[in-house]
Every structure is written in structure tokens, then in C-alpha cells.
Amino acid sequence: MVKEALQKKYDELARDLHPHVKVLLDEWKSLQEKYSKDEFEYTVRGKVIKQSLSTRSLSGTRIPKVSMPKFTDWKNIVRWRLQENLPGEFPYTAGVFELKRTGEDPTRMFAGEGGPERTNVRFHYVSAGLPAKRLSTAFDSVTLYGQDPALRPDIYGKVGNSGVSIATVDDAKKLYCGFDLCNPLTSVSMTINGPAPMLLAFFMNAAIDQECEKYIEANQLWHLAEAAFKKKYPGGNRPVYNNLNENGQSVNLPVLENGKVLGLQLLGLSGDEVLPEEVYAGLKQQALSQVRGTVQADILKEDQAQNTCIFSTEFALKLMGDVQEYFIEQNVRNFYSVSISGYHIAEAGANPITQLAFTLANGFTYVEYYLSRGMNIDDFAPNLSFFFSNGMDPEYSVIGRVARRIWAKTIKDVYKGNERSQKLKYHIQTSGRSLHAQEIDFNDIRTSLQALYAIYDNCNSLHTNAYDEAITTPTEESVRRAMAIQLIINKELGTAKIENVLQGSFAIEELTDLVEEAVMMEFDRISERGGVPGAMERMYQRNKIQEESMYYEMQKHTGELPIIGVNTFLSKDGSPTILPNEVIRSSEAEKQQQIKNVEAFWERNNQTAAAAIEKLKRVAVNNGNLFEELMTTVKYCSLGQITNALFEVGGQYRRNM
């Protein structure tokens with residue numbers, strides 16, 4: 001009798017459950033069984049992948065990669081599944097993939113100095129011995145502002161300093177030569193914003209021409225390439241890879257097994273000048289569908305924080321939309337059209353909550369803009385990525401958890417996006433602002449802790465700063481130490497092998513809820529000011545960032561915020577700036593070489609550049625897709641030529657005062 005009554009009550013309660021809640025409860029037992037097995041199977045784009053669900057410690061202990069909670073009551077099970085859930089399960093608080101990649105660490109190292117050759121050599125240095133080649137490119141301020149190297153006093157001194165000088169498609173070919181840009185283990189990130197579409201077109205053409213080189217090699221068609229070279233360069237003055245380092249000394253080229261350098265065999269030519277039109281079109285499509293990486297392109301945070309805006313905001317947004325539209329039409333699925341960046345918001349002085357709130361708000365603004373252009377949410381949302389800074393504050397330990405949760409719920413419930421669209425992927429760079437010129441050796445300790453935050457939080461990509469970056473672009477010695485930080489965490493630290501190590505912590509769960517609530521409150525403040533564009537008109541974001549920056553500096557100055565080796569725990573000599581043994585700067589030879597290179601590029605394309613520029617302007621005036629046209633324009637025109645042409649039709653940036 002009692003049993004029947006209890007069963008009746010159970011059935012009544014079960015009928016009253018929300019259908020989704022009932023599914024969550026019904027799946028619980030099967031999930032526990034799934035994660036108790038030795039192997040985990042999942043499918044990515046139709047391919048079944050198997051991975052071990054555990055590791056063995058030196059003591060022989062079986063360490064599960066994903067730990068399941070031991071809940072038995074419905075309330076805790078439902079709450080955990082709605083707010084936390086397993087990695088790869090909505091709302092992706094613990095991570096967007098079920099398990100981490102086994103053949104590819106999140107390591108992505110930043111490099112850029114001098115000309116493309118020197119940076120190319122550095123790329124080969126930082127990726128040596130790693131199966132995955134994950135390159136991140138820093139550009140000099142001349143490139144960031146869309147100009148060409150020149151003798152002009154306001155340009156010359158900046159050429160190749162604090163970033164690589166890139167002005168033409170030939171420069172891009174040199175920069176990435178020796179790397180197979182269409183290999184699934186190669187991924188390239190470019191930190192460029194205002195002129196992002198032009199640099200992206202350089203990169204895409206470099207990747208396409210690599211595919212052309214492979215086709216020519218496979219079919220032994222080099223006689224066609226030589227004929228094209230003779231026609232275009234009757235005097236024999238073909239562009240070359242100038243293998244000079246900062247001292248003007250020769251360095252070795254990155255030669256492949258067949259004795260050739262991939263990416264340099266068509267230097268000075270485009271594949272369509274060698275191969276039949278239909279062959280080139282097929283290779284182009286093949287390259288676009290395979291190439292992996294991201295371009296920053298985030299113009300909203302430029303206005304709010306970093307200031308390298310060159311075009312009017314409206315025109316810059318149009319360019320971003322054109323890139324994404326082109327990606328949809330050409331089935332570019334593995335390359336992110338924008339990296340929505342909080343890093344520079346944090347570097348300008350914002351605290352972690354403001355960084356996260358402004359970045360996510362910018363991301364949703366891009367969603368609204370792309371939707372207004374008629375794009376489908378599931379066609380573009382998977383091509384959006386994010387970029388955050390990790391400092392020392394407690395909120396940084398949950399920044400990825402909160403971002404994933406808010407993004408997933410909003411894309412699913414507000415925009416009705418599919419599972420792929422709901423997954424927020426993000427890159428972390430340890431905080432440059434937390435690096436100090438005093439006691440620079442201590443910077444590695446700060447970077448190690450920030451990297452631990454990122455890896456525990458299941459970031460998709462990670463750059464660890466070198467200790468000397470408070471003063472210089474990293475040296476070979478300092479960048480090796482920076483790479484070792486994350487490699488030691490990933491390869492040696494036992495708890496890093498547990499992929500949801502933060503889950504189940506009372507402190508982490510409460511901190512996640514607190515940060516999420518604070519971000520939602522900031523969303524309200526932005527909405528009250530007319531959304532992101534309206535708040536920008538009122539200088540809301542800039543003013544808030546500046547206030548938080550001032551607060552940090554005051555706390556540091558008074559000592560209320562202790563910083564070891566800077567305002568406390570000082571050495572016997574006080575807190576002097578410590579210069580590293582080597583300070584990296586571009587050489588005179590590199591500056592002169594880049595100027596000669598761009599002038600030679602102008603000269604050999606003199607007959608075609610003017611027509612290409614005029615056609616680009618017409619496309620802009622007629623509201624056509626500018627990126628589609630840029631894919632052709634960059635074959636004949638330099639960065640500065642294109643930028644100045646687009647100023648005439650799109651307007652230059654002017655700050656709202």
C-alpha cells in the first residue's frame with residue numbers, strides 16, 4: 001500500500017517536471033557510465049574520435065581526465081547540469097569540447113620584429129619540435145596604421161620595431177614560408193585591426209599560392225613558373241628572401257625535405273599567372289576551406305581602448321561584415337573572421353569584470369550587425385573567437401567559465417543558434433600590464449600563475465609573456481623560458497591532466513556566479529546608454545577604463561596593492577629598472593631593405609596598380625563586397641596604396657570629442 005502510494009506520488013511529480021529537466025535527469029545514469037569507461041568516443045564533422053578517459057600517475061593511480069559529481073538527489077543534479085555540466089555539454093561552463101586535443105597543446109607564441117625574414121626565423125624557433133605550428137603575429141605600428149615603410153621621419157624609426165613590417169603579399173609569403181598554411185596542424189593568428197582585411201588578403205593569397213606550388217611540384221610544371229617569371233621580370237630582378245638578422249648576418253632558410261622552401265617558389269608571382277584559370281580556382285577553394293587561424297579585426301575595442309583605428313567606425317564595420325560574408329560564400333569554416341578582444345581593454349586599465357563585460361557586449365554587437373546584413377546566425381557565429389587577458393585578480397580564474405556560460409545561453413535562447421554557434425572559443429595571453437621593469441626575473445612567476453589560471457579554466461589557446469617584455473620584444477632566451485612555463489604545466493603538473501579540475505569547488509562556483517552577475521549588471525549600464533555604439537558616443541567605455549586604470553595606479557603607488565619587487569620586498573638597491581642583457585630592435589639594414597622591397601613592388605606593378613585601385617573604389621561606392629575585391633587588389637597594390645584609396649571612399653577615423 002505504502003509502496004503504491006509512493007509510486008503514485010513519484011509519477012505525479014515526474015509528470016509535473018519540465019520536459020528538459022526530465023531529459024537531464026534521465027541522462028544522468030548513462031552519463032556516469034559513459035565517463036566511467038576506459039575510452040571516450042565522440043564525433044567531429046562526421047569523424048569518430050577515440051581518446052583515453054584517464055592517465056596514470058608515477059604511483060600507478062588511475063587519474064580520470066573528467067571527474068563526475070556524486071550527486072543522487074534531483075535538485076543538485078538539475079542545478080549542476082543547468083549551470084555547470086560536463087565539458088562539451090551546454091552551457092559549456094567547463095569547456096566547449098568533451099576532451100582536449102591530444103596532438104596539439106594550446107601553446108601559441110607571439111613573434112614579430114624587423115622584416116618578415118627575421119620573424120619567420122623566430123617562428124621556426126618557437127615551433128621547433130612541436131607537432132602543431134600555432135603562430136601568433138605582432139605587426140609594427142606602421143603596418144597597424146595601414147602605411148608602407150618609408151623614409152618619412154614619423155614612419156622610418158618605427159619600421160620593424162615592436163612588430164614585423166608587412167607591406168605586400170610578398171612580405172606575407174616570406175613571413176610564413178616553410179610552414180604549410182593548409183596543414184590542419186598549422187594555425188596562424190594575426191594581431192591587426194584597422195587594416196585587417198588587407199593583411200588577411202595577403203595571408204590568404206600566400207596560402208593559395210602554397211597550394212599552387214604543391215600542385216606545380218606534383219605535376220612537374222616548373223617550366224610554366226619559369227616562363228611566367230621571365231615574362232614578368234625580363235631583367236631578372238625577382239624578389240628574394242633576404243636572410244639577414246639584426247646584425248646583417250646571413251641565417252639559414254627553412255628548407256623542406258625536398259630541398260625547396262614552401263611559400264617562396266612563387267615569390268613575386270601569383271598562382272593565376274602560372275596555372276590555368278580552372279586549376280587555380282580549384283586550388284584557391286581548396287586552400288580557403290582548409291586554412292586555420294584568426295585575424296583580430298575588432299574595431300570596437302580599438303575605439304574603446306587600443307586606438308589603432310584608421311577608417312571611420314561605420315566603414316570598418318562594413319569591412320568586417322564583408323570578410324564574414326566572403327567566408328560564408330567561400331565555405332571558410334576553420335578561420336575566425338574576428339577575434340573579439342578584451343586583452344587590450346585590460347591592458348588599457350580595465351579590471352577583469354569590465355574587460356569581460358565590454359568584450360562580450362562587443363561580441364553581441366557584431367552578432368546584431370551581421371544579422372542586420374541578412375546573415376544567418378549559424379553561418380557566422382562559429383567564425384567568431386575571443387581573446388582575454390589573465391592578470392592576478394581572483395576573477396581571472398573564472399573569466400572563461402563566465403564567458404562561455406553567458407555566450408551559450410544568449411546564442412541559444414535569444415538568437416536560436418545551433419550547438420556549434422553556442423560554443424565560445426577563446427585565446428588567453430598572460431597580462432602584459434602585470435610585467436614590471438623592476439626585478440624582471442619575478443615576472444616569470446606572475447606569468448606562471450596566470451598561465452595556471454588559463455589552463456585550469458580550459459582555454460583553447462594560450463600565450464605566455466616573456467619576463468623581459470616590460471622593456472623589449474622577447475629574446476630567444478626569454479621566449480624559450482616563456483614557452484617552458486606552459487609546457488611544464490601541461491606536461492608535468494599532475495592536476496593539469498584533469499580537464500575539469502575547477503568543478504566542484506565551492507569558491508570557484510560562487511566566484512563564477514558573482515562575476516556573471518556583475519557582468520549582467522554592466523550589460524544593463526551599457527543598454528541604458530543606447531547599447532555599445534551609444535555608450536561609445538558618450539565615451540562611457542573609455543572613461544570607465546581610465547578610472548579603473550587610475551585606481552590601479554594609485555593602489556600600486558601607495559602600496560595598498562602589494563607588488564613584490566616594485567613597492568614591497570625590495571632588494572638592497574631599492575626598486576631600480578633592470579635592463580635585460582639584450583634589447584631587440586630592428587636594424588638599419590632591415591629598415592632600408594623593407595623600403596627597397598616596397599618600392600620594387602610598386603615599380604613592377606606600375607601598369608596594373610592604378611586600375612586595381614580604381615576598381616576597388618568602384619566596389620566601395622557601389623556597396624559591393626570589398627574583401628572579395630581585395631583578394632585580387634593585394635596582388636598588385638601595397639598596404640599603403642590600398643589604405644589611402646579606401647580613405648577616399650570610406651573616410652578616415654576621427655575621435656568623437
Side-chain angles (χ1 to χ4, degrees), residues 27-44 47-72 77 80-81 84-89 92-109 127-134 184-185 187 390 397-398 400-401 404 425 428 444-445 447-464 480-509:
E27 290 176 341
W28 186 243
K29 189 175 180 181
S30 62
L31 272 178
Q32 289 178 314
E33 291 173 356
K34 186 178 180 180
Y35 280 90
S36 66
K37 294 178 180 177
D38 292 331
E39 280 192 331
F40 186 87
E41 285 189 18
Y42 59 101
T43 304
V44 177
K47 183 181 178 183
V48 177
I49 297 173
K50 291 184 180 182
Q51 282 185 241
S52 173
L53 270 171
S54 64
T55 59
R56 288 277 173 188
S57 71
L58 288 174
S59 304
T61 308
R62 180 186 182 275
I63 309 295
K65 286 185 178 179
V66 177
S67 296
M68 289 280 291
K70 302 293 190 288
F71 300 140
T72 55
I77 291 170
W80 190 82
R81 293 212 65 198
E84 286 281 333
N85 222 341
L86 291 155
E89 296 279 344
Y92 311 107
T93 306
V96 293
F97 300 115
E98 287 89 345
L99 292 171
K100 292 180 180 178
R101 290 175 183 265
T102 53
E104 183 175 342
D105 286 326
T107 309
R108 184 187 292 279
M109 296 309 292
S127 62
L130 298 175
K133 312 300 182 185
R134 295 164 65 94
L185 289 176
S187 174
N390 254 16
S397 64
V398 299
R401 289 166 53 81
R404 287 188 292 254
K425 278 87 72 179
I428 282 282
D444 271 346
I445 302 169
T447 295
S448 299
L449 297 171
Q450 293 161 10
L452 191 62
Y453 271 168
I455 290 168
Y456 274 179
D457 201 12
N458 239 335
C459 71
N460 303 100
S461 177
L462 173 63
H463 166 81
T464 35
R480 188 166 186 271
R481 282 173 58 173
M483 287 185 67
I485 288 170
Q486 56 177 299
L487 290 173
I488 289 168
I489 294 172
N490 276 316
K491 305 294 186 186
E492 297 184 29
L493 186 66
T495 49
K497 293 177 174 60
I498 303 171
E499 298 185 12
N500 66 336
V501 71
L502 296 181
Q503 287 193 295
S505 162
F506 299 139
I508 289 295
E509 287 187 5

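Bear in mind the structure is a predicted one, so any value in this text is a computation, not a measurement.
Between the side chain of Ser59 and the backbone N or O of Thr61 there is no donor-acceptor pair closer than 3.5 Å. In this structure, Glu509 contributes its side chain and Glu84 its backbone to no donor-acceptor pair below 3.5 Å. A donor-acceptor contact shorter than 3.5 Å is absent between the side chain of Arg62 and the backbone of Arg56. Distance alone, capped at 3.5 Å, places no donor-acceptor pair between the Gln486 side chain and the Ile455 backbone. Ser30 places a side-chain N or O within 3.5 Å of a backbone atom of Glu27 that can act as its donor or acceptor partner. Although no hydrogens or angles enter the test, the distance criterion places a donor-acceptor pair under 3.5 Å between the side chain of Asn500 and the main chain of Ser67. Side-chain N or O atoms of Ser36 include one that pairs as donor or acceptor with a backbone N or O of Glu33 at under 3.5 Å. The backbone N or O of Val48 lies less than 3.5 Å from no partner atom in the side chain of Glu41, so there is not a single donor-acceptor pair. Checked by atom type and distance alone, the side chain of Ser52 never pairs as donor or acceptor with a backbone atom of Glu39 at under 3.5 Å.
Evaluated for a side chain to side chain contact (heavy atoms under 4.5 Å, CB included) with Leu86, the options Met68, Arg81, Lys34 yield exactly one hit, Met68. For the side chain to side chain contact (heavy atoms under 4.5 Å, CB included) with Lys65, the lone residue among Glu98, Glu499, Lys100, Lys497 that qualifies is Glu499.
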Pair Ile498, Ile63 - check side-chain contact (heavy atoms from CB on, under 4.5 Å), show working. CA-CA 7 Å; Ile498 303 171; Ile63 309 295; 3.6 Å; yes
As a quick check of understanding, evaluate salt bridge (charged side-chain N to carboxylate O under 4.0 Å, His left out) for Asp457 and Arg404, giving each step before the final call. CA-CA 11 Å; Asp457 201 12; Arg404 287 188 292 254; 3.3 Å; yes
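Ring pair Phe40/Tyr35 is tilted by interplanar angle, where 30° to 60° counts as tilted.
With values rounded to the nearest 0.5 angstrom, Gln503 atom CD is found 11.0 Å from Ile508 atom CD1. Here the straight-line distance linking atom CD1 of Ile428 with atom CG of Asn390 works out to 4.0 Å at 0.5 Å rounding. Going from atom OG of Ser448 over to atom CD1 of Ile489 covers 6.0 Å, rounded to the nearest 0.5 Å. Here CE of Met483 is found 4.5 Å from CG of Leu130. Values are rounded to the nearest 0.5 Å. Interatomic distance, Phe71 CZ to Ile77 CD1, rounded to the nearest 0.5 Å: 8.5 Å. Put simply, CG on Leu493 and CG on Leu487 are 13.0 Å apart, with the number rounded to the nearest 0.5 Å.
For the residue pair Pro87 and Val66, the shortest heavy atom distance occurs at CD-CG1, 4.1 Å.
If you check the side chains of Ser127 and Arg134, you find no donor sitting under 3.5 Å from an acceptor.
Heavy-atom contacts from other residues, nucleotides or ligands closer than 6.0 Å to CZ of Arg481 number more than 12.
Looking at heavy atoms from C-beta onward, Asn458 lies out of side-chain contact with Phe97 at the 4.5 angstrom threshold.
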